[in-house]
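Here's the structure we're looking at; comments come further down.
Reckoned from all heavy atoms, side chains included, excluding hydrogens, waters and symmetry mates. We name chains A, B, ... by the order of the sequence lines, and we start the count at 1 in each one.
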Amino acid sequence: MVAIRIDELTKQFEAFTALAKLSLEVEQEEFVTLLGPSGCGKTTLLKLISGFLDPTEGTIHINGKDVTRTPPEARDTALCFQSYALFPHLTVRENLEFGPRQKRISAHDRKARVDDVAEKLSLHAQMDKLPNQLSGGQQQRVSLGRALVMRPSVILFDEPLSNLDAKLRDQVRIEIRRIQKEYGLTAIYVTHDQNEALAMSDRVVVLNGGRVEQIDTPEALYHAPKTRFVADFIGDANVFSGTVQGEVQPGLWRVETAMGTYDVATSTPPKEKDVDLCWRPESAVLGDAGHTGKVINRAFQGHFTDLMIETKGVSYRVQSRATSAQEGDTVNISIPPEQLILLERTA
Amino acid sequence: MSARKWLLIAALLTPGLGLILVLIGTVVYIAVAQSFGFYTITGESGFTTQFWSDMIGRKLFSRSINYSIYVGVLSAIFSVALAYPLALWLRKPFAGSMAIGAVLKAPLLIPGLVAAFLFINIISYNGIVNQLIQWLGFSDAPIRMQNDSNAIGVLILQTWKNLPFALLLLTGAVRGISDEVLDAARDLGAGTWARFSKVIAPLTVSGMQASLVIIFIGAVSDFSFQVIAGPTNLQSMSQLMVTFKDRGDWNSAAVVGVSLMMIALIGSALMAIGARLMLRRRLT
């Protein structure tokens, strides 16, 4: 069942279009991440869903109800803010009780909800403390708890981990996902961190310049990006412009690039002759066959070695788990046809 | 900390803090001493509680206290109540907000006495308000608004004069609240009033208390507005003090003066505590 339906949503700030005719459907209990660089429109979209911004055009439905013009206080959503936005004058308990009090939930139910959330988020020891007496991770948990006690249909996260250190970020990331599954919440999560998006999401919406580049599962985004932007943005990628020569075998297309000729295995025939060809650095096989290149840079990364290789004046990246190649060495590189991806050319 | 450092700190503080303490201390000492019969200018000096017992028995004195508290409390509340929406409106800069802010602060630059005269001219029998009322046909004859018995004129003047001061304190306090905190309250279901009473007011309580206290102290001891625009059947405490002084009764004037100081002190403490308690109760 669809929890959120967004149709042709446009948001303009005077002459600037922050979102252009964006459509999206989010299923019940799904965890969807809005991913993109700064200024791509992801926070604008979150604010439109939460009601803090009014769209220029388009509609938003939550659980079948049109909420396009409903104010935030009347929406069945709860937002976890980037800065946590805890009420500094209230204790943790009072922060958690704030929402249920506004909704006039009975004292008994309110206490039950707060105790339940406090236990699940291990906040019992902090209940009488003020926010400034808590660590960043604890504040994050209170912010999450304050949203959870509302028992919203939709929970929204605005880059909630961006103020945490790397180790804590991993812990809280796992915690958020666990809680979301446990409560059966529909979640929309905004981040510009691709690792976060890939690790947490059921689906990821990649935004660029106010438009959707691709909506897919993390695996599909990584292994089958549709555009050069998505290939570049999600993980490391080598992307080259190429020209389709033709189908050499059923499902195997030959593409000419500046580096040489590649055979690409694809079930979807290319729509145009001019294409972008992409492959992941870890897909390359160093051996006796394939194109010849010169190692121009080598960086040992622990579980793999990062090599920058140059072939016919074009440099690209290769990651290998077992290579003794050093800077200045000549190597042969081949890429299996099924690891090559044809990308749609975008304007 | 070494004794040398303490001495240095004391030496640095003495010119400012020392002067203030000496001046306040002298005034308080003289006023209290005079109220108990010392430093009598026209007669014999000596300890007596006569001036206090006489004054407490006078109806004029109790009416004066009630009236001054009435003006002080209402002026402080009206000024702060009107300053809050303006402070919230001016919280985020917009085209013309600086000009509006400057105009709103203009009363700070106008002396109270001048403002009182201007006000009297406006509401007098031949003033523009009466002319407008007659021109619009609401009344055939001019209405008497000057020196009204409920001191509405004084309250208007006090509010007009003190609102910019409250605005100055509250604007800074309101600007210190992050947008995300207000958005969070809204997201959790708080409407406009709940956002104000449960988030904005508690987070700006220090500014609110400072405004209430300072405006209360100023208004409770009002002289100029009362003399020009106040009711003729009532006297403020400052007015009463001057009346006794003009009669040469410095000791009775000192009793009124000490009472005024105590009322200002106790009243402002009560207002500050009251504001905090009221907000605390609203939160729980």
Nearest 0.5 angstrom please: B:Lys198 NZ to A:Leu90 CG, how far? 10.0 Å
Could you tell me which residues in residues 75-95 of chain B have at least one non-hydrogen atom under 4.5 Å from a non-hydrogen atom of chain A, sorted by residue number? none
Looking at every heavy atom in both [X] and [Y], which two are closest together, and how far apart are they?
X: B:Gly191; Y: A:Glu73; value: CA-OE2, 4.5 Å
X: A:Gln102; Y: B:Leu188; value: CB-O, 3.5 Å
X: A:Ala85; Y: B:Ala184; value: O-CB, 3.7 Å

Does any heavy atom of chain B fall under 4.5 Å from the side chain of [X], the backbone, both, or neither of them?
X: A:Leu86; value: backbone
X: A:Thr77; value: both
X: A:Arg146; value: both

I would like to know whether A:Phe87 and B:Leu203 meet side chain to side chain contact (heavy atoms under 4.5 Å, CB included); could you show each step before the answer? CA-CA 9 Å; A:Phe87 304 120; B:Leu203 288 177; 6.0 Å; no
Which side-chain N or O atoms in residues 120-130 of chain A pair as donor and acceptor under 3.5 Å with protein atoms at least two apart or in another chain?
residue  : atom : partner  : partner atom : Å
A:Lys120 : NZ   : A:Asp116 : OD1          : 2.9
A:Gln126 : OE1  : A:Lys129 : NZ           : 3.0

Any side-chain heavy atom of A:Phe52 within less than 4.5 Å of one from B:Arg186? yes
Taking the side chain as everything from C-beta on, heavy atoms only, tell me whether B:Asp183 gets closer than 4.5 Å to A:Pro72. no
Applying side chain to side chain contact (heavy atoms under 4.5 Å, CB included), run through B:Val181 and A:Phe81 and close with a yes or a no. CA-CA 9 Å; B:Val181 165; A:Phe81 291 83; over 6 Å; no
Does [X] [atom1] have over 12 foreign heavy atoms under 6.0 Å away?
X: A:Lys11; atom1: NZ; result: yes
X: B:Arg4; atom1: CZ; result: no
X: A:Glu182; atom1: CD; result: yes

